[in-house]
Amino acid sequence: MPELHVGERHWSVATGSNLLDALNQAGVAVPYSCRAGSCHACLVRCQGEVQDLQPEALSPAQRQDGWRLACQCQVEGDLRVEAFDPVRDGLAAQVVGADWLTASVLRLRLQPERGLRYRAGQHLVLWAGQVARPYSLASLPQEDPYLEFHLDCRLPGEFSNAARQLNIGDRLRLGELRGGALHYDPDWHTRPLWLLASGTGLGPLWGVLREALRQDHQGAIRVIHLAHDAEGHYLAGPLAALAASHSSLTVELWTGARLDQALAQLRLVSRQTLALVCGHPDSVEAFSKRLFLAGLPRNQLLADVFLPRG
C-alpha cells in the first residue's frame with residue numbers, strides 16, 4: 001500500500017484513495033470548500049505518485065512547482081505532501097473596512113501588503129488563521145484602493161464565525177487568485193448585457209457592472225438581484241444611484257416569493273444578449289434554464305456557482 005509522508009509523519013493508505021480525504025482523516029487539516037477543483041482552498045505541494053483528475057485547474061508553473069488540488073488527486077504510490085502554509089505561501093492583508101450591509105452580509109475591505117493585479121469577477125482564497133474560504137472580489141482595480149468582498153454570514157461556519165469578529169487593523173492572509181467565469185469583455189460594448197445574481201452572488205457582478213460602465217458600455221444593461229426578502233437586497237441603494245445616472249441601466253429586485261412569476265415573464269429582446277449569472281446552484285440553474293428556454297444561446301451565458309461546503 002502507498003505511504004503518505006507529511007513532515008515527520010507517515011502512514012499507509014489504499015491505492016486510489018482521494019488525497020484530501022486521506023489527509024483529513026489522518027488529522028492533517030487541509031481546508032476545502034467545493035471539492036470540485038474550483039475554489040483552490042485545498043492546495044498542497046506533492047512529490048511522488050499521484051493521479052491528478054483535473055490537471056488544467058492549475059497553471060503549468062504551479063504544476064511544475066509541485067502544487068496540486070488535494071480534492072482532485074488519487075494516491076497511486078508513495079507520496080510526500082506539504083500543505084499550503086498561509087504564513088509562508090500567502091500574502092498578508094490588513095482589514096481596512098468591516099461593516100454590515102444587512103444583518104447577514106458583511107462587507108469586508110482588505111489592503112494587501114503589496115499590489116495585486118486582478119480583474120472584476122475574479123476570486124481569492126481568504127485565510128483567517130488556518131481556516132480558508134474562497135470569496136469573489138466585488139472591487140474594481142481601477143477605482144477601489146482596497147479589495148472588497150461581500151460575505152454571506154447567515155449560516156454558522158468556521159470562516160464566517162471568524163469574520164464576524166474582524167475589526168479594522170486585523171490581519172488576514174490571501175491565497176491564490178482565481179480567474180472564474182465572470183468578466184467583462186470590451187468586445188461586448190454594443191450588445192445587451194444581463195447580470196443575474198442571487199444573494200452575495202451580486203458581489204462579483206457589482207464589479208463587472210462598474211467595469212462595463214467604466215468602459216462606456218453602449219448596449220442596454222439589465223441587473224436582476226434575487227434575495228430571500230426585501231432586506232436581502234443589500235446593494236439596492238448603490239444600484240439605484242447607478243441606474244439614475246446611466247439611462248442604459250435597469251435594475252430589478254426580485255424576492256423568492258415571486259421568483260416563478262418573474263422567471264415566467266423573462267423575455268429576450270435580442271439573441272445577441274450576453275448573460276452573466278452568479279449565486280447559489282439552485283438559483284443559477286433556475287436562471288439558466290429560463291434563459292435557454294427564452295432562446296439565449298448556451299455559449300452566451302457565463303455562470304459562477306457558489307457551491308455549498310462539501
Side-chain angles (χ1 to χ4, degrees), residues 96-97 99-102 104-110 118-123 135-152 180-255 258-259 262 265-270 272-279 283-284 287 291 300-304 306:
V96 295
D99 56 298
W100 293 92
L101 301 179
T102 70
S104 61
V105 177
L106 175 65
R107 179 171 61 192
L108 182 64
R109 290 173 171 170
L110 303 178
Y118 71 96
R119 70 171 188 268
Q122 290 189 278
H123 57 263
Y135 286 99
S136 293
L137 285 152
S139 47
L140 189 60
Q142 295 85 356
E143 296 186 5
D144 301 323
Y146 42 71
L147 306 176
E148 181 170 306
F149 305 88
H150 300 163
L151 279 60
D152 183 352
L182 307 177
H183 65 281
Y184 179 74
D185 189 330
D187 289 342
W188 299 344
H189 72 285
T190 62
R191 301 176 68 174
L193 180 63
W194 286 15
L195 307 177
L196 304 93
S198 66
T200 52
L202 182 58
L205 294 183
W206 172 245
V208 170
L209 170 62
R210 290 191 296 147
E211 176 63 15
L213 296 175
R214 188 187 73 84
Q215 297 204 33
D216 195 26
H217 185 82
Q218 296 298 300
I221 303 177
R222 182 179 187 180
V223 174
I224 296 174
H225 183 225
L226 172 65
H228 292 282
D229 51 38
E231 183 189 2
H233 296 302
Y234 67 92
L235 289 182
L239 284 169
L242 282 182
S245 59
H246 295 84
S247 60
S248 63
L249 172 61
T250 59
V251 176
E252 300 172 33
L253 304 179
W254 295 3
T255 58
R258 63 178 293 262
L259 176 60
Q265 296 173 355
L266 207 58
R267 300 287 188 274
L268 288 183
V269 295
S270 168
Q272 294 300 307
T273 299
L274 293 152
L276 276 62
V277 185
C278 188
S283 303
V284 170
F287 280 138
L291 288 169
Q300 291 171 208
L301 183 144
L302 302 176
D304 201 350
F306 286 4

Looking at side-chain heavy atoms only, is the closest gap between [X] and [Y] below 4.5 Å?
X: F287; Y: L301; result: no
X: L266; Y: R222; result: yes
X: H225; Y: Y234; result: yes
X: S198; Y: F306; result: no
X: V208; Y: E211; result: no
X: L101; Y: D99; result: yes
X: I221; Y: H246; result: no

Distance (rounded to the nearest 0.5 Å) between [X] [atom1] and [Y] [atom2]:
X: L259; Y: H228; atom1: CG; atom2: NE2; answer: 11.5 Å
X: D152; Y: Y135; atom1: CG; atom2: OH; answer: 8.0 Å
X: L235; Y: L202; atom1: CG; atom2: CG; answer: 5.0 Å
X: S248; Y: L213; atom1: OG; atom2: CG; answer: 6.5 Å
X: T190; Y: D187; atom1: OG1; atom2: CG; answer: 9.5 Å
X: F149; Y: L106; atom1: CZ; atom2: CG; answer: 11.5 Å

Q.
As a quick check of understanding, evaluate side-chain contact (heavy atoms from CB on, under 4.5 Å) for H233 and L239, giving each step before the final call.
A. CA-CA 10 Å; H233 296 302; L239 284 169; over 6 Å; no

Q) Between T200 (side chain) and G203 (backbone), is there a donor-acceptor pair under 3.5 Å? A)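 No.
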
Q: Indicate yes or no for a side-chain donor-acceptor contact from Q218 to the backbone of H189 under 3.5 Å, with no hydrogens or angles considered.
A: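 Flag not set: sc Q218 to bb H189 has no pair under 3.5 Å.
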
**Q.** Criterion side-chain contact (heavy atoms from CB on, under 4.5 Å) on L147 and L137, from CA distance to verdict
**A.** CA-CA 7 Å; L147 306 176; L137 285 152; 3.9 Å; yes

Give the minimum heavy-atom separation between [X] and [Y], together with the two atoms involved.
X: D304; Y: A181; value: OD2-N, 4.4 Å
X: Q300; Y: Q272; value: NE2-C, 3.7 Å
X: V105; Y: T102; value: N-OG1, 3.1 Å
X: T273; Y: S270; value: OG1-O, 2.7 Å
X: C278; Y: P204; value: SG-CG, 3.7 Å
X: Q122; Y: Y118; value: OE1-CA, 3.2 Å

Q | Option from V223, V284, I224 for which side chain to side chain contact (heavy atoms under 4.5 Å, CB included) with L196 holds | A |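 Only match with L196 under side chain to side chain contact (heavy atoms under 4.5 Å, CB included): I224.
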
Q | Set of residues satisfying ring-ring contact (aromatic ring centres under 6.0 Å, His included) with respect to H123, sequence neighbours excluded | A |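 With sequence neighbours excluded, H123 shows a ring-ring contact (aromatic ring centres under 6.0 Å, His included) to no residue whatsoever.
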
Q | W188: ring-ring contact (aromatic ring centres under 6.0 Å, His included) partners, not counting sequence neighbours | A |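 ring-ring contact (aromatic ring centres under 6.0 Å, His included) check on W188 returns H183, Y184.
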
Q) Going by distance alone, is a donor N or O of one side chain under 3.5 Å from an acceptor N or O of the other, for H217 and Q215? A)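 Distance-only check fails for H217 and Q215.
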
Q | Candidate pair L274 and D185, rule side-chain contact (heavy atoms from CB on, under 4.5 Å), full reasoning | A | CA-CA 11 Å; L274 293 152; D185 189 330; over 6 Å; no

Q | Pairing residues for E231 by the salt bridge (charged side-chain N to carboxylate O under 4.0 Å, His left out) criterion, not counting sequence neighbours | A |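 Testing E231 for salt bridge (charged side-chain N to carboxylate O under 4.0 Å, His left out), a comparison that skips the adjacent residues, returns none.
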
(Q) Could you go through E143 and R214, starting from their C-alpha distance and side-chain angles, then the distance that decides it, and tell me whether this counts as salt bridge (Lys or Arg N to Asp or Glu O under 4.0 Å)? (A) CA-CA 9 Å; E143 296 186 5; R214 188 187 73 84; 5.3 Å; no

